[in-house]
Novice: 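Quick one: this structure, given as structure tokens, is what I'll be asking you about.
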Amino acid sequence: MDFSVRLKELRTDNDMSQTELADKLNLKASAISKYEKGITQPAIETLKKLAEIFCVTVDYLIGLSDIRNPYGNTQITPNEAELVEHFRQLSYENKIRIDERIKTIIENNDKR
């Protein structure tokens with residue numbers, strides 16, 4: 001399935017008009033129409049934003065994968081997936097440090 005079909009499918013599945021999607025992307029509705037008709041292709045930054053909006057991967061958007069979100073049913077965003085990938089590259093000790101920092105940040109945030 002190509003990008004134009006995927007985009008229209010995702011937009012309609014989310015009950016979103018072309019104008020609403022364009023507003024989220026800071027584009028004109030005509031740009032969305034051209035994407036869906038296969039007349040033009042979005043820039044990479046726009047693809048990333050679309051992936052975030054619809055909680056799918058860019059690979060899914062452009063038709064390289066039929067899996068909307070391979071990271072599970074939790075609607076993990078591409079940014080969250082990137083954080084997980086970075087975390088996995090850390091040493092065991094640094095993973096512990098990051099975990100402790102996150103818990104401290106959450107604790108401090110809850111006190112506000």
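Only heavy atoms go into these numbers, but all of them, side chains included; no hydrogens, no water, no symmetry mates.
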Novice: As an exercise, state the distance from CD1 of Ile106 to CG of Asn108, rounded to the nearest 0.5 Å.
Specialist: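 Going from the CD1 atom of Ile106 to the CG atom of Asn108 covers 10.5 Å.
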
Novice: Is the backbone N or O of Arg97 less than 3.5 Å from a side-chain atom of Asn94, with the two atoms forming a donor-acceptor pair by type?
Specialist: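 It does not hold such a pair.
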
Novice: Mind listing the closest non-hydrogen atom pair of Ile67 and Ser65 along with its distance?
Specialist: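 Heavy atoms only, the tightest pair is N-OG, 3.0 Å.
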
Novice: Please examine the side chains of Lys48 and Glu45, heavy atoms only from C-beta on, and report whether any two atoms are closer than 4.5 Å.
Specialist: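 Side chain of Glu45 against side chain of Lys48, heavy atoms only: contact under 4.5 Å found.
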
Novice: Just wondering, do Ile53 and Asn14 contact through their side chains at under 4.5 Å, heavy atoms?
Specialist: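 Answer no - side chains too far apart.
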
Novice: Any non-hydrogen side-chain atom of Phe3 less than 4.5 Å from a side-chain atom of Leu61?
Specialist: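 When only atoms from C-beta onward are counted, Leu61 and Phe3 do touch, with a gap below 4.5 Å.
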
Novice: Is Glu100 salt-bridged to Lys103, cutoff N-O under 4.0 Å?
Specialist: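 Between Lys103 and Glu100 there is no salt bridge, as every charged N stays at least 4.0 Å from the carboxylate O atoms.
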
Novice: Quick one: pull up OG in Ser17 and CD1 in Ile32 and give me the separation to the nearest 0.5 Å.
Specialist: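 Those atoms lie 9.5 Å apart.
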
Novice: Quick check for you: to the nearest 0.5 Å, what is the distance between Leu10 atom CG and Glu36 atom CD?
Specialist: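 Reported to 0.5 Å precision, the distance equals 10.0 Å.
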
Novice: If you count the non-hydrogen atoms of other residues, nucleotides and ligands that lie under 6.0 Å from NZ in Lys24, is the total more than 12?
Specialist: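 It does not: Lys24 NZ has 12 such atoms or fewer within range.
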
Novice: At what distance, to the nearest 0.5 angstrom, does OG1 of Thr12 lie from CG of Asp15?
Specialist: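 Interatomic distance, Thr12 OG1 to Asp15 CG, rounded to 0.5 Å: 8.0 Å.
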
Novice: Evaluate the side chain to side chain contact (heavy atoms under 4.5 Å, CB included) criterion for residues Val56 and Arg6: first the C-alpha distance (whole Å), next the side-chain angles of each, then the deciding distance (0.1 Å), finally the verdict.
Specialist: CA-CA 11 Å; Val56 298; Arg6 285 267 160 91; over 6 Å; no

Novice: Would you give the length of the straight line joining atom OG1 of Thr57 to atom CG of Leu64, rounded to the nearest 0.5 angstrom?
Specialist: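 Output value for this atom pair is 8.5 Å.
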
Novice: What are the two closest non-hydrogen atoms of Thr40 and Ala31, and how far apart are they?
Specialist: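 Looking at all heavy atoms of both residues, the shortest contact is OG1-O, 4.5 Å.
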
Novice: After noting the C-alpha distance and the side-chain angles of Glu52 and Lys49, does the key distance pass the salt bridge (Lys or Arg N to Asp or Glu O under 4.0 Å) rule?
Specialist: CA-CA 5 Å; Glu52 278 189 44; Lys49 289 178 187 175; over 6 Å; no

Novice: Nearest 0.5 angstrom please: Lys28 NZ to Gln18 CD, how far?
Specialist: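 One gets 14.5 Å once the value is rounded to the nearest 0.5 Å.
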
Novice: Give the cluster check for Leu90 versus Ile105: same hydrophobic cluster or not, with ILVMFWY residues linked at side-chain heavy-atom distances below 4.5 Å.
Specialist: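 Hydrophobic grouping puts Leu90 apart from Ile105.
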
Novice: For Asp2, is the CG atom crowded, meaning more than 12 foreign heavy atoms sit under 6.0 Å from it?
Specialist: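 More than 12 heavy atoms, drawn from other residues, nucleotides or ligands, come within 6.0 Å of this atom.
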
Novice: Mind listing the closest non-hydrogen atom pair of Ser4 and Gly38 along with its distance?
Specialist: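 Heavy-atom minimum between the residues: CB-N, 3.8 Å.
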
Novice: Check whether any side-chain heavy atom of Leu21 sits under 4.5 Å from a side-chain heavy atom of Tyr35, and report yes or no.
Specialist: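 Leu21 vs Tyr35: side chains apart.
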
Novice: Do Phe54 and Met16 come close enough that some side-chain heavy atom pair is under 4.5 Å?
Specialist: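 Phe54 reaches Met16 side chain to side chain.
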
